[in-house]
Amino acid sequence: MRRVPFLDLTRQDRELEEELRGDLEDFLRRGRHVLGEEVLAFEEEFSRYCGMAHGVGVASGTDALLLSLRALGAGAGDEVIVPALTAPPTAVAVSLCGARPVFADVDPGTLTIDPASVEERLTPRTRFLIPVHLYGRMADMPGLRELASRRGLVVVEDCAQAHGASLEGRMAGSWGAAGCFSFYPTKNLGAYGDGGLVVTGDPSLARRLRMLRDYGRRDRDTLQEVGLNSRLDELQAAFLRTKLRRLEEWNRRRRELARRYLEGLRDLPLGLPPWTGGDEHCFHLFVVLCREREGLREHLARAGVETAVHYPLPLHLQPPFREGSSRPCPAAERAAREVLSLPLYPYLTDDEQDAVIAAVRSFYQAHRGRS
Ligand SMILES: *Cc1c(COP(=O)(O)O)cnc(C)c1O
């Protein structure tokens with residue numbers, strides 16, 4: 001039996017090994033470990049890739065969100081609207097800055113935040129909106145931007161799953177006041193440990209972020225305000241520069257694999273991700289909706305296919321958040337019961353993917369036989 005891992009990062013490491021060794025040797029020779037030339041160069045290269053003037057490297061995607069919110073003035077008494085279906089850090093960052101996350105429902109088709117639900121959650125205290133480009137799919141940014149400008153909300157994009165996605169020719173990260181990225185190892189652009197970055201077009205916001213990530217220092221000896229220690233380190237930046245040169249090629253392969261899944265699974269009673277075939281999706285994850293999810297998961301596991309669930313519990317039902325006056329989010333709750341992530345990453349082979357498709361198909365064949 002062929003085992004298909006959900007994700008195998010050693011394959012890309014093997015391909016990049018020589019370049020990464022070169023990066024490590026350069027790093028050891030230079031003797032500069034924090035906030036040096038590699039971080040500056042990566043900030044410049046990544047923000048240019050996103051079409052933005054400024055990039056500020058930080059320690060994680062969570063910190064990218066937290067520091068952006070703080071730099072934009074979010075704090076106690078503010079409400080920040082986030083989707084109910086996302087990774088926990090989207091809402092954790094809001095709570096850490098002292099504001100209150102308010103959970104909006106998602107669109108049942110795209111599973112990204114639903115502008116109509118955002119509108120229903122608005123109160124006089126609502127100041128920020130954090131759309132998440134979930135699974136690599138751009139949220140409805142034109143609709144959300146229109147709403148935000150009409151209602152005076154500041155938009156902070158959670159781009160942790162969307163490196164390289166774009167909509168109407170505008171990259172993820174370039175639609176709001178700040179675009180927040182994570183380089184957690186499993187992301188489309190991953191470091192060898194934690195890392196994050198904020199892109200922005202606003203030079204004064206970039207300046208404030210540079211202080212906030214470095215204790216709040218204005219210069220070596222002067223503290224301007226109270227910040228964090230949240231710096232991207234030189235070695236991660238060097239590795240990320242090497243990997244950034246591959247990102248477009250990797251995302252192309254992700255889209256090719258997505259196309260093959262959509263073709264191979266299209267006649268099955270599964271909810272497949274809607275997609276025009278364009279760059280609005282960079283397929284961080286390939287997520288299907290399945291009413292018999294647990295049965296399908298077990299069937300795939302027996303066939304050697306590893307799967308995952310992103311996410312089994314919507315955030316408004318998570319212990320730290322459910323005590324608030326959260327309203328129901330039926331589409332997110334239903335999605336949480338039905339979502340199943342199939343293996344998809346640039347180094348998945350066609351043969352492996354064919355084995356996944358065959359295993360999914362055999363589940364439905366057996367099912368039909370039984371009923
Ligand atoms: C990964 C992720 C984050 C947080 O990134 P870290 O680098 O792990 O802190 C935030 N939001 C979403 C949607 C994510 O997937």
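For ligands, and for the atoms within them, numbers begin at 1 and follow the listed sequence. Bear in mind that the values here come from a model prediction, so they are computed numbers and not experimental data.
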- Item | Any side-chain donor near an acceptor of the partner, H54 and E43, under 3.5 Å | no
- Just checking, any donor-acceptor pair under 3.5 angstrom between side chains of H299 and S362? yes
- Test item: Q161 side-chain N/O and Y135 main-chain N/O as donor-acceptor pair under 3.5 Å: yes
- Item | Lys/Arg-Asp/Glu bridge criterion (N-O < 4.0 Å) met for E45, K243 | no
- Would you say the side-chain atoms of T222 pair up with the backbone N or O of D219, donor to acceptor, closer than 3.5 Å? no
Could you list each N/O atom of ligand 1 together with any protein N/O atom closer than 3.5 Å, one pair per line with the distance?
unit_1, atom_1, unit_2, atom_2, d
ligand 1, 5 (O), S182, OG, 3.2
ligand 1, 7 (O), G61, N, 2.8
ligand 1, 7 (O), S182, OG, 2.6
ligand 1, 9 (O), G61, N, 3.3
ligand 1, 9 (O), T62, N, 2.8
ligand 1, 9 (O), T62, OG1, 2.5
ligand 1, 11 (N), D158, OD1, 3.2
ligand 1, 11 (N), D158, OD2, 2.8
ligand 1, 15 (O), Q161, NE2, 2.8
ligand 1, 15 (O), K187, NZ, 2.7

- Message: Check whether E234 reaches the backbone of F27 with its side chain - one donor and one acceptor, N or O, closer than 3.5 Å.
- Response: no
